[in-house]
Amino acid sequence: MTTRSALFRLLFWTMLGTMTVVGALSFFQFRSALQSEIAGNLRFGATAMMQRIDTFLFSHVENMRVWRGLEVMQDIRVKDVDKRLSNFLSNLRAGQDKVYDVLLCTDVQGRVVAASEASYIGGNAPSLSGWHTVLGQGLDSISVTLSSGGLGTSAIVLRSAIPNAFGEGTIGYLYAFLDWRAVQDLLDGAVNHGARGLLLADHGGHVLGASAALRTQQNLRQLRLDDWDLPVEGATSYVHKGTGLGYGELLVGVATSGGSPPFEGLGWHTLMIEPTTVSFGPIWALLWAMVGVFMVTLLAGLWISSRLSDRIVSPIVSLTEFTRSFRQGQPSLPEIPSGATSEVGELHRAYTEMIQALEQSREQVVRAGKLAVVGEMAAIMAHEVRTPMGILRSSAQLLQREPDLDERQRELIGFIFSETERLNRLVTLLLECARPNPPHFMLHDVPEIVDSVLALLESRVERTGVTLSRQADGDDILLSCDREQMMQVFLNLILNALSFVGEGGRVRVSTHRDEEALWISVADDGPGVALEFREHIFDPFFSRREGGIGLGLTIVQQIVQAHGGTLSVGESAWGGASFNLRFKHQEPVT
């Protein structure tokens, strides 16, 4: 695969992937927002419809409350001999714009005494079941039922007991048959013969009524809404299969009767539905528009990717040809191709400078090789430094015994002692770091080793006012180790801590053992170790202390690793540094 084809594919697929992801995200976000908006609208429509039905029922329930208390209702006792009650019921029906199919009054035995239509008089009260009692207590209650089930419903029947105005008990019942077409008119008016439909269901999920478009469905009589989400109260919305209604998927808004206080409602449900093909019609139009834009953009992207890959690759091809000619002994520098981008032009300039520097670097490479050999020889000869240092120290001791030395001469001799001692420590550290001695393992008590180191530092600690303490879970914490090397570990770590804590500071050595390992930590309340330094603090010659060599912690790490342990640095409980040693459980070595 050539660079040109690789760049072309990269640019093309990047553009294609970006457009696809952005387009898909935009489409689904817009679809989700539209669905949420339509679902909310359906919930609102279903709620408003349910409130209208509740208000419709409540108004007629209140009519029953008023009518049953009228004096004319007492004519039931005299069998309405003068037809005054029947005329009253007929006038009521006519005054209600024929919302009522019929109004009946019966005696306590259920025989019709008076009616808005004379043909009902003398007959028996309707035999109905499923009465739902609402409002009031005792004789103040009103019962509601349907004259028949399902879509064959012809009327909503209200029944109220008529109290005896001249004594106790009931003298009969008032029946009101509400025309079911009034409810259907409410459903039809809510959807206005549009794409949406309305269903009215009772508390058991039986369909009671539907808007005009849905009433034509053949399967509507057998439709049960058991598997539909019908909330006990409030409203909800969701997507549901519309197989029983002759649709694919439906977006549904459901509301439950909440009554119209003090009317408690009948627990009915209104379902406002809309096919998703209608709801998401604008989405599909948007999708086709996006596909058209996508294709145009894709063609433009192909052309741009081709041009851009050529523009990027041309300078690289030029550099390749120059490299071949340079290897063949033609040192002429390449020219920047016209039309190259700024980054490619910078690459040409950097490449040209590199070629120019190659010749100059050849001699530097040879010289660096010689310096490396000299460095190796210097490392070997470091072992020989101690001999002249010993001679210098002995000579200084002899000069110090001279009785006629003045203060200036004694000061110079002191410089010789201090500098030779410092040089001797540096050589010792170099040798220890380069060639550490293997440990001699024996079983030792760790707290006892720590106490020995603390005793060595007691006088120094007293001068500085630092609190140096030891904390251990027990006195018998044994470890198979080299005692001298472990003393060197603790000594270096404690000295390192003392060099950073101020006067009156705190340094604590703590040890404890768990089921897996022995843990030892040296913690202080100094400034701590910054996060950016923790990875390099054990590197040779890395030091944050003025005058430090940077080999102490390196040697500590080498000793700990030789003992099969690990060393890490963290933050102490006081906010300072904490150097943590961990040694696995091991069999004692003798």
Side-chain angles (χ1 to χ4, degrees), residues 49-70 73-74 76 85 89 92-93 96 99-116 120 123-150 152-165 167-180 182-183 186 200-209 225 230-234 255-270:
M49 188 69 256
M50 195 70 256
Q51 289 175 349
R52 292 183 64 184
I53 294 176
D54 284 340
T55 303
F56 172 79
L57 292 174
F58 173 65
S59 65
H60 294 288
V61 167
E62 285 300 295
N63 286 343
M64 296 287 287
R65 288 171 56 92
V66 174
W67 296 341
R68 66 181 175 78
L70 296 176
M73 294 296 169
Q74 300 301 313
I76 294 176
L85 180 55
L89 294 177
L92 283 180
R93 179 176 179 272
Q96 293 293 326
V99 173
Y100 297 100
D101 282 339
V102 65
L103 296 171
L104 304 175
C105 283
T106 69
D107 57 18
V108 291
Q109 287 79 28
R111 188 173 181 80
V112 178
V113 174
S116 59
Y120 288 89
N124 293 323
S127 178
L128 300 172
S129 61
W131 292 97
H132 183 87
T133 303
V134 295
L135 296 177
Q137 297 179 351
L139 296 177
D140 193 43
S141 300
I142 295 177
S143 300
V144 182
T145 190
L146 302 175
S147 64
S148 61
T153 300
S154 60
I156 301 174
V157 184
L158 307 180
R159 183 182 68 181
S160 176
I162 300 175
N164 187 352
E168 297 181 353
T170 301
I171 63 174
Y173 295 91
L174 171 63
Y175 287 84
F177 287 72
L178 285 169
D179 190 350
W180 188 252
V183 176
L186 290 176
L200 178 63
D202 63 11
H203 62 278
H206 297 88
V207 176
L208 303 177
L225 305 180
L230 302 178
V232 177
E233 59 182 8
T256 300
S257 172
S260 179
F263 177 56
E264 299 174 349
L266 303 179
W268 290 357
H269 308 279
T270 53

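Start at 1 with the first residue, then count along the sequence.
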Original post:
Who are the salt bridge (Lys or Arg N to Asp or Glu O under 4.0 Å) partners of D101, not counting sequence neighbours?
Top reply: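 Once residues adjacent in sequence are excluded, D101 has no partner under the salt bridge (Lys or Arg N to Asp or Glu O under 4.0 Å) criterion.
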Under 3.5 Å, is there a donor-acceptor pair between the side chain of [X] and the main chain of [Y]?
| X | Y | result |
| --- | --- | --- |
| S160 | L174 | no |
| E233 | A255 | no |
| R93 | Y100 | yes |

In the structure I gave you, are the side-chain heavy atoms of [X] and [Y] within less than 4.5 Å of one another anywhere?
| X | Y | answer |
| --- | --- | --- |
| V112 | Y175 | no |
| L89 | M73 | yes |
| D202 | H269 | no |
| R159 | L128 | no |
| V232 | T256 | no |
| H60 | I156 | no |

Original post:
Just one of L186, D54, L200 clears the side chain to side chain contact (heavy atoms under 4.5 Å, CB included) bar with M49, so which one?
Top reply: L186
Original post:
Take atom OH in Y120; do more than 12 heavy atoms of anything else shown fall under 6.0 Å from it?
Top reply: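 Atom OH in Y120 is not crowded, with 12 or fewer foreign heavy atoms closer than 6.0 Å.
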Subject >> D107 to Y173 - nearest heavy-atom pair and separation >> reply: O-CD1, 4.2 Å
**OP:** Give the C-alpha distance, both sets of side-chain angles, the deciding distance and a yes or no for side-chain contact (heavy atoms from CB on, under 4.5 Å) between L225 and H206.
**Re:** CA-CA 7 Å; L225 305 180; H206 297 88; over 6 Å; no
